[in-house]
Amino acid sequence: MNTPTGTYRIQFRNGMTFDRAAGLVPYLKRLGISHLYASPVFTATAGSTHGYDVTDPNEIEPSLGGREAFDRMVTALKKAGLGLILDIVPNHMAASLENAWWRDVIEKGENSRYARYFDIDWARPLTLPFLGDTFDAVLKNGEIAVKPDPRTGRPALVYYDSAYPLAPETWEGREAEILRLTDKAEIDQLHARQPYRLMAWRDAPHDLSYRRFFEITGLVGVRVEDSVVFDDTHRLILELVHSGVVDGLRVDHVDGLADPKAYLERLRQEAGPACYITVEKILAEGESIPADWPVSGATGYEFMATLPDALVNGEKIGALRTAYDDLLGKPVDWQAEWRAAKVLMADKHFAGEFTTLVMLAMAIVKLEKVTLDETVIRSALRELLVAFPVYRTYGTASGLPPADQTRLQQVADKVRTDVNAPSPEALDYLLRLLAGAVSETAMSDATAFRVRFQQLTGPLMAKSVEDTLFFRQHTALALNEVGAEPLPRAFSLDRFHKAMKARLERQPNALSATSTHDTKRGEDARARLYTLSEAPERWAACVSRWRQMLRSHVTLLDDGPAPEPAVEWMLYQTLAGVWPATLQVGDEKGLKALRERFLAFVEKALREAKLRTSWGDNNDAYEKAVRDYACDMLSPHNPLFLADFSSALQPFIRAGWVNSLTQTIIKLTAPGVPDIYQGSEAQDFSLADPDNRREPDFAELQSQLEGYEKPGLTTGDDWPNARLKQHVIAKLLHLRQQWPSLFRRGDYLPLTITGRWSGNMIAFARQEGAEALIVIVPRLLFDSDADSAASRPSLSWSGTEIALPASLAHRHYREVFSQQELTLTDRIDLASIDETSLFLLLKGE
């Protein structure tokens, strides 16, 4: 298999084209990357900023340069000896008139050859929820009319720039008559004869006839479980793999598929054994990629979720939670908050999908003549969905795998003892449906129920946690990240080491990510915010002081203060995470640039929380008040606050920069394939999308890389210049290329640290035969020089030793950065390390 040694994710679109990417190949080669990891490159809707809204999976996006430019980029990659990994999107396509398949379905309904390509309920007309109001309202207002389709000239229902084609049988032979229609009643009758129904976008959550991607009605589910659909949607993908153009595939949202395992087996069969395949999957704590999936692993969120165990102060994080509770005036009931978010999703945002499941269950109830009414079935199903702790199970037509049966039973047992426990009989019946323990006549319907249930639990989890709860609870924003769980837990190095050993055993070739196009915060912002757990009292005192300084900027509204205390805490923490280390409080241009990014995030955070405002129901007065407060925080006319904020932040910035380098080195040396998200090789203080999808300054990155080969790189060089992190990455990526087997298969050996600084270091080794690398990096250094005026931490490691197992002892080593030669006994005495060498990597000779 063509396993990468290091990938580099590039976001195409928004100015990034294939020819521009080809121009970056020399830089990626020098950085040490083995594979360019491309966001979706297939034709998508006009103006798409991400490419996941594919309109033609068998065409390369023309606006990026089309196939010719794509081939030029591939030629540049191959000439440099680099591979290519493509992000593919089997779960959904754009529900757009630009999508020829979807357009054909709109026009011909069930008679379209593509009618079964999409996951549509054909028991009723196809719903098209893209009107600003109901059809009757827009018709009455004259916003919709019968006109020639600008593309085809044929009659269509035209709503502003959208022309919905009419079914041929409703106009052929009388085209001129149809185009002269102006009577609203006749237009209404014409609409009623179509295989679709135009409807208001607000009605989508409870009245949709097709499966969508999460809450996005503009993305329709694709039935790749059908072999014809698989073939038609993967023709170009497989051509690129078979021709040697593409070396690997990243499967987007694999949990959305009807049968992920069967899909991956088919993909593996068609792509061949050499193709490197990873899947985007969120793993709950203790959950693993199913062992029988023919893939190299996941795309790295689970790796990101392990880093807090290494970088959060587990002994002090409780004080940070207490400070937040004190601010609110009551302790946060995390279980209740989680339940409230999931109930909101089930009852409102996914009401249509939920009702579809209820109706499927009731059809089986009637078929089997079971005496259960809809009320108890609905209640039991709701509680089962709300209590589900992972994205999904993986049942098929033959039933549930044993592990999933056990998990489902555990969830049911929890539901039975809950204060909201539903009817035991209804719950038991639903378990029978999910397990396939039904009569032969009901088996097909039970399979459909199971598939729909499994396709709903994932979106419910994602939207309730990542896109709701993470924007409601702000204790420690660094922990509110994709792949993480919101419930408070313990943090320890022992847990981290166990996770890395498990990673080596279960998915050693999976991607290890620290920033992606979907993360809530860039890796360096998160690394800085981890330090709040080291000084919770100091942070709480700062927030109290800043709130007092800006108390006159709080607006009293009928529904309470704006911002409320919890949102103030969030605002200060968010700003602390992204504050540029070199920003001067008198720099109006710099403050303006930061303010624009900050305000965009604030709007998103408030709406995602769905408490006092939301995307579908804006509270303009509340949003304006919070936005004004956030704007005042970064106003040049507020110099006292800015000066205090900047000064108070300095020790967090210094300790955060240590965390940034530590997590970078861990990612480059621990089990897994390190993925570098575009620009994060320097510093990534981005916020949630679209902020994290901004194009980095590649010219500056290329310039900064000069001289990375030189020895003697220590924390004394340009501290805390972003160049340092980039040079560390380049050094280690090249080391991975020199010793690929060590990093792919080498043992992961936690090392025992004793002495004064034992709690402030992470030490482990990778070893395979004669090849060995000892990694020693710092952690929890905030207290070591919190009040120092120095730009970087400075301390002596005296009184601290690291014991070495026999396989690592009494050998010659060379320090990776300084190139210093060392001969070790059975331990490392850290007193001999220069105080500027906070990071030590010893390569066995």
Side-chain angles (χ1 to χ4, degrees), residues 43-48 53-56 63 92-115 117-118 120-210 212 215-220 352 615-618:
T43 299
T45 58
S48 173
D53 45 354
V54 175
T55 57
D56 188 345
S63 69
H92 54 266
M93 291 180 68
S96 164
L97 290 165
E98 298 175 50
N99 181 344
W101 296 355
W102 181 249
R103 184 183 180 86
D104 195 73
V105 172
I106 291 175
E107 182 177 6
K108 301 172 184 174
E110 284 194 87
N111 296 323
S112 168
R113 62 165 292 195
Y114 305 109
Y117 277 43
F118 302 104
I120 300 170
D121 174 13
W122 284 113
R124 57 193 178 116
L126 174 64
T127 54
L128 300 177
F130 305 112
L131 304 181
D133 206 336
T134 64
F135 181 83
D136 290 344
V138 299
L139 180 62
K140 181 179 180 180
N141 293 336
E143 299 172 72
I144 197 164
V146 181
K147 296 180 182 179
D149 187 326
R151 294 187 183 189
T152 65
R154 297 196 291 266
L157 287 170
V158 177
Y159 176 71
Y160 292 101
D161 295 330
S162 298
Y164 296 94
L166 298 177
E169 63 270 19
T170 66
W171 66 268
E172 284 181 339
R174 54 194 192 100
E175 179 177 353
E177 175 190 346
I178 291 295
L179 287 173
R180 286 196 298 271
L181 282 181
T182 58
D183 182 81
K184 290 181 172 55
E186 291 181 322
I187 294 175
D188 186 37
Q189 292 173 5
L190 180 65
H191 173 242
R193 295 175 59 201
Q194 303 309 310
Y196 58 83
R197 292 291 177 272
L198 293 168
M199 55 188 277
W201 65 268
R202 289 181 181 274
D203 293 332
H206 57 81
D207 189 22
L208 207 60
S209 66
Y210 61 86
R212 54 186 174 161
E215 293 181 273
I216 305 175
T217 53
L219 296 175
V220 56
W615 294 107
D617 188 13
N618 304 152

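Only a predicted model underlies this, so the values are computations on that prediction, with no experimental measurement involved.
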Report yes if some heavy atom in the side chain of [X] is under 4.5 Å from a heavy atom in the side chain of [Y]; otherwise report no.
| X | Y | value |
| --- | --- | --- |
| Val105 | Ser112 | yes |
| Pro129 | Asp203 | no |
| Leu198 | Phe130 | no |
| Pro195 | Lys108 | no |
| Tyr114 | Ile120 | no |
| Val146 | Leu157 | yes |
| Phe135 | Ile144 | yes |
| Trp101 | Thr55 | no |

What closest approach, in Å, do [X] and [Y] show between heavy atoms, and which atom pair accounts for it?
| X | Y | value |
| --- | --- | --- |
| Ala46 | Glu98 | N-OE1, 2.8 Å |
| Thr217 | Tyr210 | O-OH, 2.6 Å |
| Arg124 | Asp207 | NH1-OD1, 2.7 Å |

From [atom1] ([X]) to [atom2] ([Y]), nearest 0.5 Å:
| X | Y | atom1 | atom2 | value |
| --- | --- | --- | --- | --- |
| Arg197 | Thr134 | CZ | OG1 | 14.0 Å |
| Arg202 | Asp617 | CZ | CG | 6.5 Å |
| Leu97 | Ile106 | CG | CD1 | 5.0 Å |
| Thr182 | Ile187 | OG1 | CD1 | 6.5 Å |
| Thr127 | Arg212 | OG1 | CZ | 10.0 Å |
| Tyr159 | Tyr164 | OH | OH | 8.0 Å |

Check: Going by an N to O cut-off under 4.0 Å, is there a salt bridge joining Asp133 and Lys140?
Finding: no

Notebook entry, point to check: Would the number of heavy atoms belonging to other residues, nucleotides or ligands and lying under 6.0 Å from CG of Asp161 be above 12?
Noted result: no

Margin query: Quick test of your reading: applying salt bridge (Lys or Arg N to Asp or Glu O under 4.0 Å), list the pairs with at least one residue in residues 163-180, sequence neighbours left out, ordered by first then second residue.
Written below: Arg174-Glu177

Using a 3.5 Å distance criterion without hydrogens, assess whether the side chain of [X] forms a donor-acceptor pair with backbone atoms of [Y].
| X | Y | value |
| --- | --- | --- |
| Asn141 | Glu143 | no |
| Trp122 | Ala115 | yes |
| Asn99 | Ala94 | yes |

Next item on the list: Quick one: list whatever passes side chain to side chain contact (heavy atoms under 4.5 Å, CB included) with Gln194, sequence neighbours left out.
Entry: Leu166, Ala167, Thr170, Leu190, Tyr196

